[in-house]
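Have a look at the structure below, then the notes.
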Amino acid sequence: MEIRTRFAPSPTGYMHIGNLRTALYAWLHARKNGGKFILRIEDTDQARLVEDSVRVIYESLRVTGLDHDEGPDKGGPVGPYVQSERRPVYREYADKLLASGHAYRCFCDKTEKQEEPAQGEDKPQEGGEEGGAPILGYDGRCSRLSEAEVRANLDKGLPFVVRQRIEKEGTTSFKDFIYGDITVDNKQLDDQILLKRDGFPTYNFANVVDDHLMGITHVMRGCEYLSSTPKYILLYKAFGWDYPEHIHLPHILGPSGKKLSKREGSVALSDFLNRGYLPEAVLNYIALLGWNPGTEQEYFTMPDLVKTFDVARIGKAPATFDEVKLAWLNGQHIKALPAEKAHELFAGFYPAGLESVDLKRLSAHIQGKVEKPCDIPQMVSFLAKLDEGYSPELFVNKKNKTTREGCLATLADLKPLLSGLPAWDYQAILDSLTAYAGGKGLKIGAVMWPLRIALSGQTVTPTGAVEIAELLGREEAVRRLDLGMGKLGAG
RNA sequence: GGCCCCUUCGUCUAGCGGCCUAGGACGCUGCCCUUUCAAGGCAGAGAUCACGGGUUCGAAUCCCGUAGGGGGCGCCA
């Protein structure tokens, strides 16, 4: 049988990184097995519709390359693929349940379930503790309405919802692909609402109907649905349908150990993209959150992932999102980029003031070093403008055994040397420095160090000292040399 | 609170009864590279496998309990 997976986001206005991982796994599972990947929009909450958010979904899938075979924009044999356009379908299936007694109309007020239990009748009794909270949200009173009472209410035009009728005897079990056998007592299962007062289905109902009608073979979703799945299983049974394979995914946690949320930092794909993370790096990273290939490989291109991915190697424990490791992986992906692509990526991050600098060359120089392009402005700002307040102590470096006096002498020698160079290019500068170091019996590092400090005013630079000199141009380089000597002389 | 799930270095993870004196990666520390700080290469520190009982000749791996964490209990998904 052909594998069919689906991604079913609701239009919230942004692509949550956790949802993206769900999409990725579903997509990988389909692609890996030559199946189909379907996009379905779950917009059944009229109060929460967000303008333009469907576009965000399409755009996210496009930029990440998670292409779908069927969906609202592409059509397909089992549409429509937008839940708000499927209302007659839900109505029809709710009626079936009503007719078979697996569902009933509930005329209770929205707030009624929150009332204190009246004169202590038909409350589920548990543990004998007085004042104990009810286990279920709804006490099921409308399930006991007679046919005549229902008719009367209907005639009065009372609004109602449709609830699932769940026998409170016995247990319900299913086998989750990741978590194994799950069994719950039916008395834990609420008579959940299937159809809301406004006629829209709840997620709880729509997901079952749609997954079945759309021929989904593998339901992949976050494990927050694990505890409600028994109710869905009962729905499948009520309809007499086989149920699909359930693959619940462990959560992605934020740094505090709570579910990844906006409070703790970035959760939207766009947040990462805006900072210069590559889509393939983000995908590579989140693929590893909860899944591993069983080998020591961590760097994956998308084709690699398709080849290697296997749902059997998805774990159970939640994973903490670590942006430091994401950044490292992003650096790996940046290194693998063709030079022009890297430059394109970096170009948007160069600050003003670099007009005199050959940016293409700069890009080539820093490509091996950039992890997050959003760091570029502060990495290269010294090229535009030297922070002249840097401390002369920076010239002292224990590894290269440099001292202030030594650096001063070196810079003093370097100035005429560089000023007199016939050509100003990387090789010429490097050769002259190498020759100078050789002649003085100095290690090259001992010459490069003071040059770097004088040219940049900082100990760590995104490129070598020679590249800096070249990028700066002779005039500015010599000016900075003078400035450095001034500092050392004065100190 | 009743219910469901989870628990191996700071973090992501390998491990599915003996190969584990627990392996890899990020991060951290040190060394090397002497076309340089960085990058790269190499090395090191870092986990009494949440805890307590069992089962077994033998347990991170199986069973039971405890603790901690998460989920969920919505006319949200």
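Predicted model only: the values in this text are computed from it and were never measured. Protein chains get the first letters and strands the later ones, always in sequence-line order, with residue 1 at the start of each.
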Exercise for review: Give a yes or no on whether a donor-acceptor pair under 3.5 Å exists between the nucleobase atoms of B:A39, that is its base, and the side chain of A:Lys335.
Suggested key: no
Exercise for review: Answer with base, sugar-phosphate or nothing: what part of the nucleic acid does A:Val447 contact at a heavy-atom distance below 4.0 Å?
Suggested key: nothing
Review point. Between B:C5 and B:C62, how far is it from one P atom to the other, in whole Å?
Key: 15 Å
Practice item. Please report the C-alpha distance between A:His251 and A:Glu224 in whole Å, then the side-chain angles of each, then the deciding distance to 0.1 Å, and finally whether the side chain to side chain donor-acceptor pair (under 3.5 Å) criterion is met. Key: CA-CA 8 Å; A:His251 278 140; A:Glu224 67 269 27; 2.7 Å; yes
Exercise for review: Would you jot down, in residue-number order, the residues of residues 449-458 of chain A having a non-hydrogen atom under 4.0 Å from RNA chain B?
Suggested key: A:Trp449, A:Arg452
Check your understanding: What about A:Tyr277 and A:His333, are their ring centers closer than 6.0 Å?
Key -> no
Exercise for review: Assign A:Val460 to base, sugar-phosphate, or nothing according to its heavy-atom contacts below 4.0 angstrom with the strands shown.
Suggested key: base
Point to revise | Given RNA chain B, 5'-ward residue of the pair A:Lys258 and A:Pro201, judged by closest heavy atom | key: A:Lys258
Study note, to complete from the structure: Paired to B:C42 by Watson-Crick or G-U wobble criteria (both distances under 3.5 Å) is B:G30
**Study point:** Interface residues of residues 9-24 of chain A with RNA chain B (non-hydrogen, below 4.0 angstrom)
**Key:** A:Ser10
Check your understanding: Which part of the nucleic acid, if any, lies within reach of A:Thr320 when heavy atoms closer than 4.0 Å are counted: base, sugar-phosphate only, or nothing?
Key -> sugar-phosphate
Practice item. Verify the contact: side-chain N or O of A:Lys443 to OP1 or OP2 of B:C33, cut-off strictly under 4.0 Å; return yes or no. Key: no
Review point. So what does A:Thr463 touch, heavy atoms closer than 4.0 Å: a base, only the sugar-phosphate, or nothing?
Key: base
Exercise for review: Give a yes/no on whether any side-chain N or O of A:Arg313 is located under 4.0 angstrom from OP1 or OP2 of B:G15.
Suggested key: yes
Practice item. State which of B:C6, B:U13, B:C26 makes the closest approach to the side chain of A:Asp322. Key: B:C26
Review point. Just checking A:Leu430: base, sugar-phosphate only, or nothing, at a heavy-atom cut-off of under 4.0 Å?
Key: base
Practice item. Would you indicate what A:Gly331 reaches in the nucleic acid, counting non-hydrogen atoms under 4.0 angstrom: base, sugar-phosphate, or nothing? Key: nothing
Revision key, fill the gap. Ranking B:C75, B:A77, B:C4 by distance to the side chain of A:Leu226, first place goes to B:C4
Review point. Looking at A:Lys196, does any N or O in its side chain come under 4.0 Å of the phosphate oxygens OP1/OP2 on B:C76?
Key: yes
Review point. How far does CG of A:Leu329 sit from CG of A:Asp322, to the nearest 0.5 angstrom?
Key: 10.5 Å
Exercise for review: Examine B:C76: is either OP1 or OP2 under 4.0 Å from a nitrogen or oxygen in the side chain of A:Thr202? Give yes or no.
Suggested key: no
Practice item. Please give the nucleotide sitting opposite B:A25 as a Watson-Crick or G-U wobble pair, both distances under 3.5 Å, or none. Key: B:U11
Practice item. Evaluate the criterion salt bridge (Lys or Arg N to Asp or Glu O under 4.0 Å) for residue pair A:Lys196 and A:Asp198; output intermediate values, then yes/no. Key: CA-CA 5 Å; A:Lys196 305 182 223 180; A:Asp198 63 6; 5.2 Å; no
Check your understanding: Between A:Asn292 and B:U13, does any side-chain N or O lie under 4.0 Å from OP1 or OP2?
Key -> no
Practice item. Answer yes if the ring centres of A:Trp291 and A:Phe309 are under 6.0 angstrom apart, and no otherwise. Key: yes
Exercise for review: Quick one: look up who B:G72 pairs with, Watson-Crick or G-U, both distances under 3.5 Å, and put none if it's unpaired.
Suggested key: none
Review point. NA contact type, A:Glu42, heavy-atom cut-off 4.0 Å: base, sugar-phosphate, or nothing?
Key: sugar-phosphate
Practice item. Select base, sugar-phosphate, or nothing to describe what A:Gln427 touches, counting heavy atoms under 4.0 Å on all strands. Key: base
Check your understanding: Which is true for A:Phe321 with a 4.0 Å heavy-atom rule: it touches a base, it touches only sugar-phosphate, or it touches nothing?
Key -> nothing
Exercise for review: Just call it for A:Ala317: base, sugar-phosphate, or nothing, with non-hydrogen atoms closer than 4.0 Å on any strand.
Suggested key: sugar-phosphate
Check your understanding: For B:G71, does OP1 or OP2 lie under 4.0 Å from any side-chain N or O of A:Lys259?
Key -> no
**Study point:** Interatomic distance, A:Thr459 atom OG1 to A:Tyr390 atom OH [nearest 0.5 angstrom]
**Key:** 12.5 Å
Review point. In Å and rounded to the nearest 0.5 Å, what is the CZ to CG distance from A:Arg105 to A:Leu158?
Key: 12.0 Å
Review point. Would you say the ring centroid of A:Tyr285 lies under 6.0 angstrom from that of A:Phe321?
Key: yes
**Study point:** Between A:Tyr203 and A:Tyr225, ring centroids under 6.0 Å
**Key:** yes
Check your understanding: Across all strands shown, which nucleotide pairs with B:U66 by Watson-Crick or G-U wobble geometry, both distances under 3.5 Å?
Key -> B:A50
Check your understanding: Hey, does A:Thr44 reach any base, or is it just sugar-phosphate, or nothing, if we go heavy atoms under 4.0 Å?
Key -> sugar-phosphate
Check your understanding: Given that both distances must come in under 3.5 Å, which nucleotide forms a Watson-Crick or G-U wobble pair with B:U56?
Key -> none
Practice item. Using a heavy-atom cut-off of under 4.0 Å over every strand shown, decide if A:Tyr426 touches base, sugar-phosphate, or nothing. Key: base
Practice item. For nucleotides B:C28 and B:U7, find the distance between their C1' atoms and express it as a whole number of Å. Key: 25 Å
Review point. What's the closest nucleotide to the A:Trp328 side chain, out of B:A25, B:C4, B:G71?
Key: B:A25
Exercise for review: Check every strand shown and say whether A:Gly368 touches a base, only sugar-phosphate, or nothing at a heavy-atom separation below 4.0 Å.
Suggested key: sugar-phosphate
Exercise for review: Find the distance between CE (A:Met214) and CZ (A:Arg6) and round it off to the nearest 0.5 Å.
Suggested key: 10.0 Å
Check your understanding: What class does the angle between the rings of A:Phe346 and A:Tyr350 fall in, given that below 30° is parallel, 30 to 60° is tilted and above 60° is perpendicular?
Key -> perpendicular
Check your understanding: CD1 of A:Ile38 to OH of A:Tyr81: how many Å apart, nearest 0.5 Å?
Key -> 6.5 Å
Review point. Distance between the C1' atoms of B:C20 and B:U8, in whole angstroms?
Key: 12 Å
Practice item. Check every strand shown and say whether A:Gln367 touches a base, only sugar-phosphate, or nothing at a heavy-atom separation below 4.0 Å. Key: nothing
Review point. Just to confirm, is there a sub-4.0 Å distance from OP1 or OP2 of B:A38 to any side-chain nitrogen or oxygen of A:Lys369?
Key: no
